[in-house]
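Working notes, beginning with the structure itself.
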Amino acid sequence: MSRLMESKLAASGLEKIYQKIVDGVRLNFDDGLALYRTHDLTSVGFLANLVRERKSGDLTYFVRNLHINYTNICNKGCKFCSFYALPNDSRAYVLSIQDVQDRIRKHGDVPIREIHMVAGINPRLPYQYYLDLIRAVKEVKPSVHVKAFTMIELAQIQRVAKKPMGEMLVDLKAAGLDCCPGGGAEVFSDRVHEELFRAKLDNEGWFEVAREVHRAGIRSNATMLYGHIETVEEKVKHLLHIRDLQDETGGFMCFIPLAFDPANTELSHIPVTTGYANLREIAIARLLLDNFPHIKAFWIMITPAVAQLALWYGADDIDGTVSHYEITHALGDTSHHQELSHEQLLAMICEAGRKPVERDALYNLLPLH
Ligand code: V47
């Protein structure tokens, strides 16, 4: 390391953390706080990049994917959400199995590898609907991976399945479920749960379901929603809690910090997260989650420009083409269609000096073409 970098780390009080990273020593709660408290983002990014390059070198993973939000009807009323509708709302919808198949057929010529299906908690949907949903995707595109249902949805599916979680997961797997996305985790703090998403499965519940999912041999992702009312301490606890579960199960593939988009929510007075905050979350996640293979910069929420920079601040995954994402719209602009072409993704990654590698939903590498 250069003298200049050494003195910069010393000035920011990050030398001990640097030494731990070089020695492969795990960071603790206080280290997490120190990383959040310094304003020297360049040094935090430098440290995160050391870990990123140790794990993935120059590789940057992307996937050709399609999002299907099968219903927006939801009974949870989370204050941070602009997507949900009540059953009698004019915006309310439930996609039929036919609608889902038609949507996939529209992309017939695109070699999509992952279909990401999540939705609101709609108590009127029967167990059979969820099984048919997965089967319907596989019927139209047998080669695609189905990444579906957050831990919150799985808890609801179990309610209507009226059977133990383990048995239900066997059914979903047999229908074609390949892995689960990381949503619904928000921030593991009882205070934030009470304040923002009181009606939703509690934090321990999320962990119990995730544990069962991994036990059933289904891998998943994990997320953290930041940029609302959470504190720095709550974020560090969230990350360390997830790290503990990963030690126990090894079932997580990727962590995704999700930037809160306040547009059209009950929290619309909160400002949009800054580029600085977005890069900081990526970098700190990379440093604290030493047992996670991948950290994702989800360009939809942080913009493609910041996602590109994030490839030097700890991220080694940029998600993908993300056709039809409906949960949020970057910078509150609902008028523009959010999608990047395969060529745009490749160009973004290459311009940032990284090596693009196409993956499927389970991080198997695919030949580039
Ligand atoms: O669970 C809801 C979040 C999540 C807002 O696993 C919001 O690869 C920001 O989990 N502003 C769904 N976020 C998205 C998600 C996800 C996205 C991309 C990749 C993966 C993956 C997972 O979005 C929800 C919630 O935490 N969310 N409202 C909002 N206003």
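Each residue takes its place number in the sequence, starting with 1. First listed ligand is number 1; within each ligand, the first listed atom is number 1.
The closest approach between a heavy atom of Ile256 and any atom of ligand 1 is below 4.0 Å. Contact analysis puts Leu258 in contact with ligand 1, with a non-hydrogen atom separation below 4.0 angstrom. In this structure, Ala263 falls outside the shell of residues with a heavy atom less than 4.0 angstrom from ligand 1.
Between the Ser12 side chain and the Leu14 main chain, no donor and acceptor come within less than 3.5 Å of each other. With hydrogens and angles ignored, the 3.5 Å screen pairs a side-chain donor or acceptor of Asp316 with a backbone N or O of Ile295.
The parts of Phe260 lying near ligand 1 are both backbone and side chain, judged by heavy-atom distances below 4.0 Å. Residue contacts with ligand 1 for Leu225 involve side-chain atoms from C-beta outward but no N, CA, C or O (heavy atoms, distance under 4.0 Å). Only the backbone of Ala259 comes within 4.0 Å of ligand 1, judged by heavy-atom distances.
Distances from atom 22 (C) of ligand 1 to the heavy atoms of Lys296, Lys200, His116 show the closest one on His116. Looking at Gly184, Ser82, Cys179, it is Gly184 that brings a heavy atom closest to atom 24 (C) of ligand 1. Nearest to atom 30 (N) of ligand 1 by heavy-atom distance, out of Tyr84, Phe80, Phe83, is Phe80.
Taking the centre and axis of the six-membered ring of Trp312, the NZ or CZ atom of Arg52 falls outside the cone set by 45° and 6.0 Å.
Heavy-atom proximity to Pro181, at under 4.0 Å, picks out these atoms of ligand 1: 6 (O).
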